[in-house]
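Atoms within a ligand are numbered from 1 in the order they appear, just like the ligands themselves.
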Amino acid sequence: ETVYAYGMTLIPGVIDAHVHMRDPGLTNKEDLRSGSRACAKGGITTFLEMPNTNPATVSQKLLEEKLTLAANKSIVNYGFFMGATLNNMEELKKATRTPGIKIYMGSSTGDMALTDPGLLEAIFAETKLPIAVHAEDESIIDKMKQELAGTKNVVDHSKIRNVEAEVAAVKRACALAREYKHRLHICHVSAGASVEVFEDHADVITAEVTPHHLFLNTDSYMNLGTLAQMNPSLKTAEDNEALLQALLDDKIQIVATDHAPHEYEEKCGRYPDTPSGVPGVDTALPLMLDLVAKDKCTIEDVVHWMCEGPALVWDIMEKGRIEVGYDADLVLIDMNKTQVIRSPNMETKCRWTPFEGREVTGWPVRTWVCGKEVYRDGKFDESRMGVEAMFDHSRGGYWEGVED
Ligand code: DOR
Ligand code: ZN
Ligand code: ZN
Ligand code: ZN
C-alpha cells in the first residue's frame, strides 16, 4: 500500500513501558480492549503493563493467563511485568516471557508494597531479570497520610511533601543495584532531588519520567483537587524543570505514562478514600510533541525517549509476524495540528484527563501495528490483534545500546 502523507511526519510506534490496564479484575476502570484502543489513538504501538491487577501477575500461570487475554483483546503489542510478593521468589526466578520484575517499595493501588528489607535484598541477590521499582518509602508515606487524613480542603494536598520518601527509596534501590550489579529501572521519578541520587549511574541503572510529573505540579491541585492524587505525588514547578533537564541530559532515559485509569466518580471522593493515579496513554505523545512545537526539544529527542529508549531499557526484540513479512510499528504525526485536550475525546474507558483544556500542537493521526493500520482519523480497525513483545535479556541493557 502506498501512503501519501505530504507535510506529515512518520515516526516509530511509541513503546509505553509503564501502564495499568486493569484487566483482569478492575475492568470498570479499563480493560485490554479499551486500553489498547486508547494506545492506538495515542500513537502507542506497544505497552508494558504492571502487575497490580486482580489477581495480580505474580506467577507463571497468571502471567500466561494475562498474555492469553491480551492475545484476544489488545489491538497493539503487549508485555507484562511480574510482581514481587512476600512468597513468589521461585516464580520470579523461572519467569521468561516478561520484561522484568516489578517491586512496589511503597503502597499504591493493589496493595503490593514489599517493605521487608531482607526480602528486597534477596530479590536483587537471587533473581536475574531486570527489576523495576516504584521507589517510595512506605514508612514516610504512611506518616504523611496520617497527617493529611481528614483534611477537607483539596488544596491541602499540595502539602504532601514526600520528596524524602522517594529519595530514601531510590537510594536503597540504587545501593542494591550497585552491590549486586543487578539491572534496575526507577519508575516515574517525580523529584529533581532523586535525579542526583542515580545521576552517577552505575551502568545498570535507568530511570523514567511521566508526562504528568513533567507538566503538572502542586499548583494543579487548585483545579484538579483529588483528580491529581497519585503516587508518587506531584511536586513543584522547579521539579518539572529539573525532570525535563534530566531527560535532555540523558540522566533519565525514557518517558512512560504510568497510565492509571480510575473512574471519574471514584476520583472525586474524599481523601484518603480516593484512588491514586491518572490516565495517560491518550495524551502522552501529543504532550511531548508540543514540547517540540515550543522548541524545548527535538522530534529526535521524543523518538529517543518514547520509542528507542524503552526498547533498549527492556531488551525488546524485533517482533511481529515475521513469517508474513510484517514488522512495522509506525505512527504518522501532524506537527501542524493544534487541538485542545478534552475529556470526551479520550479513548480510555474512564474518559477523563488531568490535562483537560490544554492546547497542544503535534498529534498522531494514523497508527500501524505490525504493518497493519489500526487507527486512522478517529476510526479503529480491530480485525487483527497485536502480538506479544519478546525480550532478549542476554543483552547488556540500555547502556550497551547507547554510544555517547
Ligand atoms: O498513582 C498510582 N496509581 N501509582 C501507582 O503506583 C499505581 C497506580 C495505579 O495502579 O492506580
Ligand atoms: Zn508506581
Ligand atoms: Zn538517551
Ligand atoms: Zn504504575
Side-chain angles (χ1 to χ4, degrees), residues 16-32 35 44 47-58 66 79-84 99-115 131-138 141-142 144-145 157 160 162 165-166 169-170 173 184-191 194 207-213 216 220-221 224-235 254-264 266-267 269 271-281 284 310 314 348-350 352-354:
D16 187 348
H18 189 146
V19 304
H20 301 268
M21 292 306 189
R22 312 301 194 198
D23 202 349
L26 301 161
T27 52
N28 58 312
K29 301 171 193 275
E30 192 79 283
D31 62 51
L32 285 160
I44 294 161
F47 65 78
L48 303 181
E49 203 232 24
M50 292 301 165
N52 61 336
T53 43
N54 187 14
T57 322
V58 294
K66 215 179 227 190
F80 298 101
F81 281 88
M82 283 276 285
I101 297 166
K102 173 70 182 285
I103 302 176
Y104 288 85
M105 295 174 77
S107 64
S108 193
T109 307
D111 281 331
M112 294 188 72
L114 198 148
T115 52
I131 290 173
V133 285
H134 176 116
E136 287 197 290
D137 185 289
E138 182 64 11
I141 294 281
D142 231 35
M144 213 104 43
K145 272 195 198 142
H157 289 254
I160 303 175
N162 53 8
E166 184 175 276
V170 167
L184 170 69
H185 180 71
I186 302 156
C187 296
H188 45 49
V189 173
S190 70
S194 301
E208 93 199 5
V209 64
T210 68
H212 48 270
H213 290 116
L216 302 178
S220 313
Y221 291 111
L224 294 172
T226 45
L227 287 177
Q229 180 191 322
M230 65 190 72
N231 304 316
S233 65
L234 294 172
K235 305 299 188 289
I254 73 175
V255 172
T257 62
D258 198 8
H259 178 69
H262 295 286
E263 290 178 56
Y264 186 79
E266 309 172 280
K267 288 289 288 182
Y271 185 86
D273 304 328
T274 36
S276 295
V278 296
V281 292
W314 295 113
T348 171
K349 195 183 269 189
C350 68
W352 68 273
T353 166

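Taking every heavy atom of Ala260 and a limit of under 4.0 angstrom, the matching atoms of ligand 1 come to 3 (N), 8 (C), 9 (C), 11 (O). Each of the atoms 9 (C), 10 (O) of ligand 1 lies under 4.0 Å from some heavy atom of Asn52. Every atom of ligand 1 with a heavy atom of Met230 under 4.0 Å away is listed here by number and element: 1 (O).
Of the inter-residue distances, the one linking Cys187 atom SG with Lys102 atom NZ reads 4.5 Å to the nearest 0.5 angstrom. To the nearest 0.5 Å, the span separating NZ on Lys267 from OG1 on Thr226 amounts to 6.5 Å. The CE atom of Met21 lies 8.0 Å from the OG1 atom of Thr348; values are rounded to the nearest 0.5 Å. Taken from OG1 in Thr53 to CE in Met112, the straight-line distance is 8.0 Å, to the nearest 0.5 Å. Between the CZ atom in Arg22 and the NE2 atom in His262 there is a gap of 4.5 Å [rounded to 0.5 Å].
Remark: Thr109 pairs with no residue by the side-chain hydrogen bond (donor to acceptor under 3.5 Å, both in side chains) rule, at least two apart or across chains. Checked against side-chain hydrogen bond (donor to acceptor under 3.5 Å, both in side chains), Thr210 has the following partners two or more places apart in sequence or in another chain: His212, His213. Annotation: ring-ring contact (aromatic ring centres under 6.0 Å, His included) contacts of His134 (sequence neighbours excluded): Tyr104, His188.
Atom 1 (O) of ligand 1 has as its closest protein heavy atom Asn231 N, 2.9 Å. Looking only at protein heavy atoms, the nearest one to atom 7 (C) of ligand 1 is Ser108 OG, 3.2 Å. For atom 3 (N) of ligand 1, the closest non-hydrogen atom of the protein is Ser276 O, 3.0 Å.
Within the 4.5 Å cutoff, the side chain of Leu224 has heavy atoms near those of the Leu216 side chain.
Contacts between His20 and ligand 1, counted as non-hydrogen atom pairs separated by less than 4.0 Å, involve the side chain only.
The main-chain N or O of Cys350 is never found under 3.5 Å from a side-chain atom of Glu30 such that the two would form a donor-acceptor pair.
In this comparison of Leu26, Thr109, Val19, the heavy atom closest to atom 11 (O) of ligand 1 sits on Thr109.
If you look at the Zn ion (ligand 2), the protein N, O or S atoms less than 2.8 Å from it are His134 ND1, His188 NE2.
Residue contact annotation: His262 has a non-hydrogen atom under 4.0 Å from ligand 1. By the 4.0 Å heavy-atom criterion, Arg22 is counted among the residues contacting ligand 1.
The two residues Gly100 and Trp314 have their closest heavy-atom pair at CA-CZ3, 4.5 Å. Closest approach of Phe80 to Lys66, counting heavy atoms only: CD2-CD, 3.4 Å.
For the Zn ion (ligand 4), the nearest N, O or S atom contributed by His20 is named NE2.
Considering backbone and side-chain atoms alike, Gly277 places an N or O below 3.5 Å from some N or O of ligand 1.
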